[in-house]
Amino acid sequence: MVVRRTIEASDVESPAQLAELLDERSYLAGAGLATAAFLALRMGRPLLLEGEAGVGKTELARTLAEVLGAPLIRLQCYEGLDASQALYDWDFARQLLHLKAAEAGGVTDAARLEGEVYDRRFLIARPLLKAIETQPAVLLIDEVDRADVEFEAILLEVLSDFAISVPELGTIRAARPPVVVLTSNRTREVHDALKRRCLYHWLEHPSFEREVAILRRRLPECSGSLAEQVATATGRLREADLIKPPGIAETLDWTEALLALGARELDPDVAAASLGALLKHREDHETVLGNGFFGASRR
């Protein structure tokens, strides 16, 4: 049985130690990423990770939560996301039931009823408030570039003071600020004001050697030769003119599919048949299969 250490954020002494802790959980972080994550922990600053989809941005937040023994609180961003979905909301149904019960019990004091209705027990904590009230916590603000620009103003206040103002209750402050990771696939540019509050790291696709190491670590049943052939093929695909080049997440899915089909080598027929685990656009399938890509994919 593998014993995995958990550690307080303040007790991480170096990027190398953090890389080792991540490695214990099969996340292989390069020196640049380990340094950026270490500085985020040491300085108490949010970390903004940008890069192509599938390169490990979200997975880093998950793994950091495991390292720190903290819950991962995720805010998935999307167009139209507003404050009530990200910060807090009032439980109107429970408030109404409380009013009806109070009236049935003969309570007529309006001031008392108003005070009871806007009690903390009726407040629904959405991800940002939940992260502020939870110690320790890792807050993942995922795909922030998909939210509207106006939503960034909400994040500016929260990430500056780690506090949320609730007019009926006052200001709720974090006794211990969460570790914050923001991710962006760069579908639009994140505003400079938000970037200034964060440390920044661009996450590249892994090198050939790193991708082989990731495959062998995450899928121990994968042979060295198959891992090398898969990494070579996906590396070439990233250089091709595809709508969505595969990330490491897709590479892992494809390798798992190949293993499920009993592949020990990257056979062209099996590779083509399992292509749906790797590429998710019809045009990319046509490009790859039309060019006889896997007939020459072996290393």
Side-chain angles (χ1 to χ4, degrees), residues 22-30 33 49-64 66 72 74 76 140 142-143 145-146 181 183-187 201-299:
L22 294 170
D23 183 277
E24 290 176 1
R25 291 156 178 84
S26 300
Y27 190 97
L28 306 184
L33 179 58
L49 297 175
E50 285 195 327
E52 300 290 338
V55 294
K57 303 183 296 296
T58 299
E59 191 63 26
L60 175 68
R62 291 196 185 103
T63 311
L64 277 175
E66 291 184 23
L72 177 69
R74 179 174 182 171
Q76 179 63 53
L140 169 62
D142 214 7
E143 297 184 319
D145 53 317
R146 295 189 180 278
V181 177
T183 75
S184 168
N185 296 333
R186 213 169 184 180
T187 58
H201 185 77
W202 174 267
L203 204 53
E204 299 275 3
H205 288 293
S207 65
F208 170 78
E209 293 78 10
R210 190 166 213 79
E211 190 149 30
V212 170
I214 292 170
L215 290 172
R216 297 300 307 279
R217 178 65 66 83
R218 299 294 291 270
L219 300 170
E221 65 274 28
C222 178
S223 67
S225 61
L226 179 59
E228 290 180 1
Q229 290 166 5
V230 166
T232 299
T234 53
R236 290 182 59 216
L237 285 171
R238 289 171 192 144
E239 297 173 356
D241 186 21
L242 300 180
I243 295 174
K244 172 57 179 71
I248 184 61
E250 288 79 21
T251 304
L252 285 164
D253 286 345
W254 189 38
T255 306
E256 189 173 359
L258 292 170
L259 292 170
L261 293 170
R264 294 296 176 264
E265 301 287 332
L266 192 58
D267 175 85
D269 293 334
V270 176
S274 58
L275 197 57
L278 183 68
L279 302 177
K280 309 301 170 67
H281 290 271
R282 178 178 61 84
E283 294 86 351
D284 289 345
H285 282 236
E286 292 174 349
T287 297
V288 170
L289 297 178
N291 293 334
F293 181 88
F294 292 113
S297 65
R298 299 192 180 205
R299 183 176 174 80

Could I get the full list of salt bridge (charged side-chain N to carboxylate O under 4.0 Å, His left out) partners for Arg264, not counting sequence neighbours? none
Sequence neighbours left out, what passes side chain to side chain contact (heavy atoms under 4.5 Å, CB included) with Ala53? Give chain and number order. Asn185, Lys244
Between Asp145 and Ser184 (side chain of the first, backbone of the second, donor and acceptor by atom type, cut-off under 3.5 Å), is there such a pair? no
Specify the closest pair of heavy atoms between Gly51 and Lys57, including all atoms of both residues, with the distance to one decimal. O-NZ, 3.2 Å
Which heavy atom in Leu215 sits nearest to a heavy atom in Ala227, and how many Å separate them? CD1-O, 3.7 Å
Derivation of the side chain to side chain contact (heavy atoms under 4.5 Å, CB included) call for Leu33 and Tyr27: CA-CA 11 Å; Leu33 179 58; Tyr27 190 97; 3.5 Å; yes
Would you call Leu22 and Leu64 a side-chain contact if the rule is heavy atoms closer than 4.5 Å? yes
Hey, is Glu59 close enough to Arg62 for a salt bridge, meaning N to O under 4.0 Å? yes
Results of side chain to side chain contact (heavy atoms under 4.5 Å, CB included) for Glu66 - residues two or more places apart only: Arg4, Arg25
If you define the side chain from C-beta out and look only at heavy atoms, does anything of Leu49 sit under 4.5 Å from Val55? no
Side-chain donor-acceptor contact under 3.5 Å, Arg218 with Thr251: no
How far apart are the closest heavy atoms of Leu72 and Ala61, and which atoms are they? CD1-O, 3.9 Å
Asn291: which residues meet the side chain to side chain donor-acceptor pair (under 3.5 Å) condition with it, sequence neighbours left out? none
With Ser223, which residues qualify under side chain to side chain donor-acceptor pair (under 3.5 Å), at least two apart? Ser225
How long is the span from the CZ atom in Arg216 to the CD atom in Glu221, to the nearest 0.5 Å? 10.0 Å
Are Phe208 and Glu228 packed together at the side-chain level, in the sense that at least one heavy-atom pair is separated by less than 4.5 angstrom? yes
Considering residues at least two apart in sequence or located in another chain, which fulfil the side chain to side chain contact (heavy atoms under 4.5 Å, CB included) criterion with Glu283? Ile243, His281
Residues passing the salt bridge (charged side-chain N to carboxylate O under 4.0 Å, His left out) test with Glu286, sequence neighbours excluded, are Arg282
Just jot down the salt bridge (charged side-chain N to carboxylate O under 4.0 Å, His left out) partners of Glu143, sequence neighbours excluded, or say none. Arg146
Asp267 versus Glu265: any side-chain heavy-atom pair under 4.5 Å? no
Between Lys280 and Gly276, the two heavy atoms sitting closest are CE-O, 3.1 Å
So which pairs with a foot in residues 213-271 pass ring pair (Phe, Tyr, Trp, His ring centres under 6.0 Å), sequence neighbours left out? Trp254-Phe294
State the OG-CG distance between Ser274 and Leu259, to the nearest 0.5 angstrom. 10.5 Å
Hits for side chain to side chain contact (heavy atoms under 4.5 Å, CB included) against Leu242, two or more places apart or cross-chain, chain-then-number order -> Leu237, Ala240, Pro246, Leu279, Asp284, Thr287, Val288
Salt bridge (charged side-chain N to carboxylate O under 4.0 Å, His left out) partners of Arg210, counting only residues at least two apart: none
Can you name the one residue among Thr255, Thr234, Asp253 that meets side chain to side chain contact (heavy atoms under 4.5 Å, CB included) with Leu278? Thr234
Side chain Arg217, main chain Asp23, donor-acceptor under 3.5 Å: yes
Listed partners of Thr183 passing side chain to side chain donor-acceptor pair (under 3.5 Å), at least two apart: Asp142
Measure the CD1-CD distance between Ile248 and Glu52 for me, rounded to the nearest 0.5 Å. 14.0 Å
